[in-house]
Chemist: 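Have a look at the structure that comes next, please.
In this text the structure is predicted, and so the values were computed from the model without any measurement.
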2 protein chains.
Amino acid sequence: MKESALCPRLSKAMELVGKRWTALIIYQLLEGPQRFNAIESALPISGRLLSERLKELEKEGIVERKVFSEVPIRVEYNLTEKGQSLEQTVREIENWAKSWL
Amino acid sequence: MKESALCPRLSKAMELVGKRWTALIIYQLLEGPQRFNAIESALPISGRLLSERLKELEKEGIVERKVFSEVPIRVEYNLTEKGQSLEQTVREIENWAKSWL
DNA sequence: TTTATAGATTACGAAAAGTAAGTAGCTTAC
DNA sequence: GTAAGCTACTTACTTTTCGTAATCTATAAA
């Protein structure tokens with residue numbers, strides 16, 4: 001990849017938000033904690049990629065994973081404070097969509 | 001791709017903004033009209049992809065392309081009204097980056 | 001005729017995404 | 001006790017997109 005004078009924080013934010021499915025997953029989690037299957041059903045994403053993205057978002061401290069040892073097992077995902085702070089960003093995309101698409 | 005109950009306008013907006021380089025190109029064009037080489041130098045993107053993205057954005061009515069038949073040729077890109085309207089979205093990403101990264 | 005410049009386009013290997021089938025751990029039904 | 005079902009993944013494989021570098025087009029000056 002080419003180097004540039006671009007601010008690394010902005011660059012990273014753009015990579016995060018501008019990664020396929022990331023913003024939609026956050027949008028979905030703004031509704032509240034949800035389990036894997038619920039997210040998968042709400043979005044046109046496959047389980048394979050949802051699993052991958054949730055791991056990435058967990059590593060970034062944006063999403064939190066909670067395992068409930070019930071039968072069958074239950075796993076819930078919710079936004080951390082850092083994740084919640086992306087609400088305005090995602091809402092802006094939503095507003096733009098309403099006005100211009 | 002899986003189908004879902006997701007609002008198609010939101011879905012499209014997410015695909016646009018959440019496509020690699022798109023938001024950064026718009027961010028760059030917020031500075032004003034710029035030529036191809038200027039954008040390429042400002043961002044860590046290759047000419048091949050920049051060309052591809054600019055065509056997509058032009059097709060979406062977000063970016064306008066102006067050719068000046070000088071020697072050597074000069075081509076400038078600028079945001080349309082629709083493109084300008086994405087400023088708040090891009091600024092939100094920028095703000096989030098400043099606060100959380 | 002060669003060189004230079006800007007803005008692309010093409011070729012090709014590498015990486016990421018899409019699809020479908022399979023796995024693990026535990027439960028209930030037969 | 002074994003077969004089937006549930007959730008949350010994971011693996012294998014194909015298709016699409018990306019990244020890098022070389023090439024093309026048009027024009028003009030050296």
Chemist: Is there a path of hydrophobic side-chain contacts, each under 4.5 Å between heavy atoms, that joins L29(B) and F68(B)?
Modeler: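 As far as the 4.5 Å side-chain criterion goes, F68(B) and L29(B) are not connected within one cluster.
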
Chemist: Give a yes or no on whether a salt bridge exists between R74(B) and E76(B), defined as a side-chain N under 4.0 angstrom from a carboxylate O.
Modeler: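 Counted as a salt bridge, because a side-chain N and a carboxylate O are separated by less than 4.0 Å.
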
Chemist: With respect to the phosphate group of dC9(D), does any side-chain polar atom (N or O) of Y77(A) fall under 4.0 Å of OP1 or OP2?
Modeler: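 So the side chain of Y77(A) is within the cut-off, an N or O lying under 4.0 Å from OP1 or OP2 of dC9(D).
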
Chemist: To the nearest Å, give me how far apart CD (E76(B)) and C1' (dA8(C)) are.
Modeler: 17 Å

Chemist: Counting only heavy atoms from other residues, nucleotides and ligands, does the tally under 6.0 Å from CD of E81(A) exceed 12?
Modeler: no

Chemist: Going by the side chain to side chain donor-acceptor pair (under 3.5 Å) test, name the single residue among E87(B), R91(B), E94(B) that passes it with Y27(B).
Modeler: E94(B)

Chemist: Mind running a 4.0 Å heavy-atom check of residues 23-41 of chain B against DNA chain C and sending the residues that fall below it, in number order?
Modeler: R35(B), F36(B), N37(B)

Chemist: Would you say I25(A) and Q34(A) make side-chain contact, with heavy atoms under 4.5 Å?
Modeler: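 Of all side-chain heavy-atom pairs linking Q34(A) with I25(A), none is under 4.5 Å.
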
Chemist: What nucleic acid atoms does F68(B) come within less than 4.0 Å of, heavy atoms only: base, sugar-phosphate, or nothing?
Modeler: nothing

Chemist: Is there a side-chain contact between S51(B) and the phosphate of dT9(C), meaning an N or O under 4.0 Å from OP1 or OP2?
Modeler: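 S51(B) to dT9(C) OP1/OP2: side-chain N or O found under 4.0 Å.
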
Chemist: Given salt bridge (charged side-chain N to carboxylate O under 4.0 Å, His left out), test E15(A) with K12(A) step by step and report yes or no.
Modeler: CA-CA 5 Å; E15(A) 262 175 53; K12(A) 174 153 194 192; over 6 Å; no

Chemist: Any ion pair linking E52(A) and K55(A) (charged N to carboxylate O, less than 4.0 Å)?
Modeler: no

Chemist: Provide, to the nearest angstrom, the distance between the CG atom belonging to L50(B) and the C1' atom belonging to dT17(D).
Modeler: 16 Å

Chemist: Scan side-chain atoms only and decide if T89(A) and W96(B) contain a donor-acceptor pair under the 3.5 Å cut-off.
Modeler: no

Chemist: Taking only the side-chain nitrogens and oxygens of K55(A), find out if one of them lies under 4.0 Å from OP1 or OP2 of dT10(D).
Modeler: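 So the side chain of K55(A) is within the cut-off, an N or O lying under 4.0 Å from OP1 or OP2 of dT10(D).
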
Chemist: Rounded to the nearest angstrom, tell me the gap between atom CD in E58(A) and atom C1' in dC9(D).
Modeler: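 The answer, rounded to whole Å, is 13 Å.
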
Chemist: Could you write nucleotides 16-30 of chain C as a row of B, S and -, 5' to 3', where a protein heavy atom under 4.0 Å of any base atom gives B, of only sugar-phosphate atoms gives S, and otherwise -?
Modeler: -BBB------SS---

